[in-house]
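All values below were derived from every heavy atom in this structure, side-chain atoms included, with hydrogens, water molecules and symmetry-related copies excluded. Labels below follow one simple rule: chain letters A, B, ... track the order of the sequence lines, proteins then strands, and each chain is numbered from 1.
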Amino acid sequence: MPETVTPLPDALEEIARDFADLPPPERLQLLLEFSEGLPDLPEAYASHPDRFEQVHECQSPLFLAVDVDDQPADDPGARRVHLFFQAPQEAPTTRGFAGILQEGLDGLTVEEVLAVPDDAPYRFSLGEAVSPLRLRGMVGMLSRIKRQTVLKSQA
Amino acid sequence: MPSTPSSPTTSSTEQDRFAQYAHPERLVSTEWLAGQLEDGRVGVAGGIALLESDEDVLLYDTGHIPGALKLDWHQDLNDQVTRDYVDGEQFAHVMSKRGIERDTTIVVYGDKNNWWAAYALWVISLFGHEDVRLLDGGRAKWVAEGRPMTREVPEPEHTAYPVVDRDDSRIRAFKDDVLAHLGGPLVDVRSPGEFSGELLHMPDYPQEGAMRGGHIPGAKSVPWGRAANEDGTFKSREELEAIYEQEQGLDPRHPTIAYCRIGERSSHTWFVLSQLLGFDDVRNYDGSWTEWGNSVRVPVER
């Protein structure tokens, strides 16, 4: 057992608590709500598939893009991160994972996003409801978000 | 295999279409199912049990065919501790909860060209349930035809499905069976990249945890999706024979083993070979590449 557990950002932590408070069958319903709440792409992205990276760990096609503000110029770690996802309606689990990360991470600073622990996907009490195998898709999303955040904040 | 299926009241064209296959009673059309629904025969005691089995565990919850119940391959059909399928007792529980009896007609459908539905059908067949059928074209065809969907989850009265021993001897192959079968016909139904082994070497793209890439020596590469039409229905018998028999040289009289990564895609091919083309002896190696590609000193071909 690790002596300390890296905390989740507040918004993600709140989502994790919401899931944990529900009995397992209702966790699926909450995941469905995240799936349905995943925002549509803004026009600037919808017409630019080249700005998206495919997450191959997901069983269904999921594309994500990360945008980092260019201000403050002197403090890249304090710049805000914005997330965009695209996944088909026929892939609600994948959309649900994306919805959780969108709500939990969008608008955080570069520093905050990079500090999110890599095991975060396992903290939503979803292993029993969707199987640990399927959670790998969310692990893949998170690692790509972090990598793109690094790249985009150095640009 | 069922010998006396009740004859589906389909239109003559669809009946003709299925009649070409070795076991036409294994398929129902969307039209037939719609008729059964209208007649109130779906999801009622003594009627047809309709099961949706998807890759995506939430897809059923977004809407499903009226009367359908969810059957999740991972949670309902796999043992949660040992890498194996549920045992007779667990299976009886899964069936009883869904109001299914031993002589119930089960119709399975799902996403991705019935990929997971075929897997469910194969597992159900391990328990010798006689009358289990696939909805040709699956969920996508039903939706494309604008047929009814609902979010209402039925609550069937529980039944007492008997505890039946799983029979792994006829349609399931284990690693040792495959080793003993080397030199005989094998079908690898994974993508060409998985077959050649190159997918394991792409940086940054963790594949499903195999230590070695490649395929079992002598296996023919026939990606599973080749058996399906654009709309998810199965190709005609003639087209399937052209692929599996003429092109790949497989022989319906020879015992044949199909495999993929964990045995789901190869269930689809198992269905095609055994139920549509009438191969005498087809087994699905469910250990597949996640077992073979991690095993010490088994032969690998690249």
Side-chain angles (χ1 to χ4, degrees), chain A residues 19 22 24-38 53-62 64 87-100 118 121 124 126-148 150-151, chain B residues 52-64 69-81 83 97 109-116 119 138-144 149 151 153 155 191 193-194 199-209 232 260-265 290:
Chain A
F19 274 107
L22 292 171
E26 289 172 38
R27 288 177 197 158
L28 272 187
Q29 288 309 309
L30 182 56
L31 188 61
L32 186 57
E33 286 171 28
F34 276 103
S35 165
E36 291 172 338
L38 185 67
E53 174 181 17
Q54 182 169 9
V55 180
H56 289 263
E57 292 86 349
C58 288
Q59 292 183 320
S60 302
L62 174 93
L64 71 84
Q89 296 290 345
E90 306 80 61
T93 300
T94 298
R95 287 179 61 88
F97 293 163
I100 290 173
D118 293 331
F124 298 100
L126 282 168
E128 196 184 328
V130 307
S131 93
L133 192 72
R134 288 173 168 129
L135 282 175
R136 288 187 195 173
M138 207 193 325
V139 174
M141 286 182 210
L142 179 61
S143 72
R144 279 155 202 274
I145 288 169
K146 289 168 79 169
R147 197 180 61 192
Q148 279 207 34
V150 170
L151 290 172
Chain B
E52 176 163 335
S53 200
D54 299 316
E55 175 178 278
D56 193 303
V57 67
L58 261 183
L59 190 55
Y60 170 90
D61 304 83
T62 68
H64 49 83
L69 289 157
K70 173 156 60 171
L71 183 72
D72 185 56
W73 67 275
H74 191 85
Q75 291 170 322
D76 296 317
L77 300 178
N78 275 272
D79 186 272
Q80 295 303 302
V81 181
R83 182 175 173 186
K97 266 202 319 196
Y109 74 96
D111 59 355
K112 312 257 161 116
N113 296 350
N114 274 334
W115 163 349
W116 302 87
Y119 187 52
R139 180 185 163 101
K141 183 161 190 277
W142 182 272
V143 171
M149 298 288 276
R151 284 195 173 192
V153 177
E155 289 178 16
S191 60
E194 290 170 284
L199 271 185
L200 282 178
H201 290 267
M202 281 172 75
D204 234 13
Y205 293 78
Q207 299 298 312
E208 208 114 20
C260 57
R261 184 175 46 91
I262 56 171
E264 10 68 78
R265 284 173 287 182
T290 49

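- Atom CD of B:Glu155 has 12 or fewer neighbouring heavy atoms from other residues, nucleotides or ligands inside a 6.0 Å radius.
- The side-chain contact (heavy atoms from CB on, under 4.5 Å) search around A:Gln89 returns A:Arg95, not counting sequence neighbours.
- In this structure, CG in B:Asp61 is found 6.0 Å from CG in A:Leu28, a value given to the nearest 0.5 Å.
- B:Val57 approaches A:Ala129 most closely through the heavy-atom pair CG2-O, 4.1 Å.
- Side chain of A:Glu90 to main chain of B:Leu59: no donor-acceptor pair is present (N/O by atom type, distance under 3.5 Å, no hydrogens or angles).
- Residues meeting the side-chain contact (heavy atoms from CB on, under 4.5 Å) test with A:Glu26, sequence neighbours left out: A:Leu22, A:Pro23.
- Only the side chain of B:Asp72 comes within contact range of chain A, judged by heavy atoms closer than 4.5 Å.
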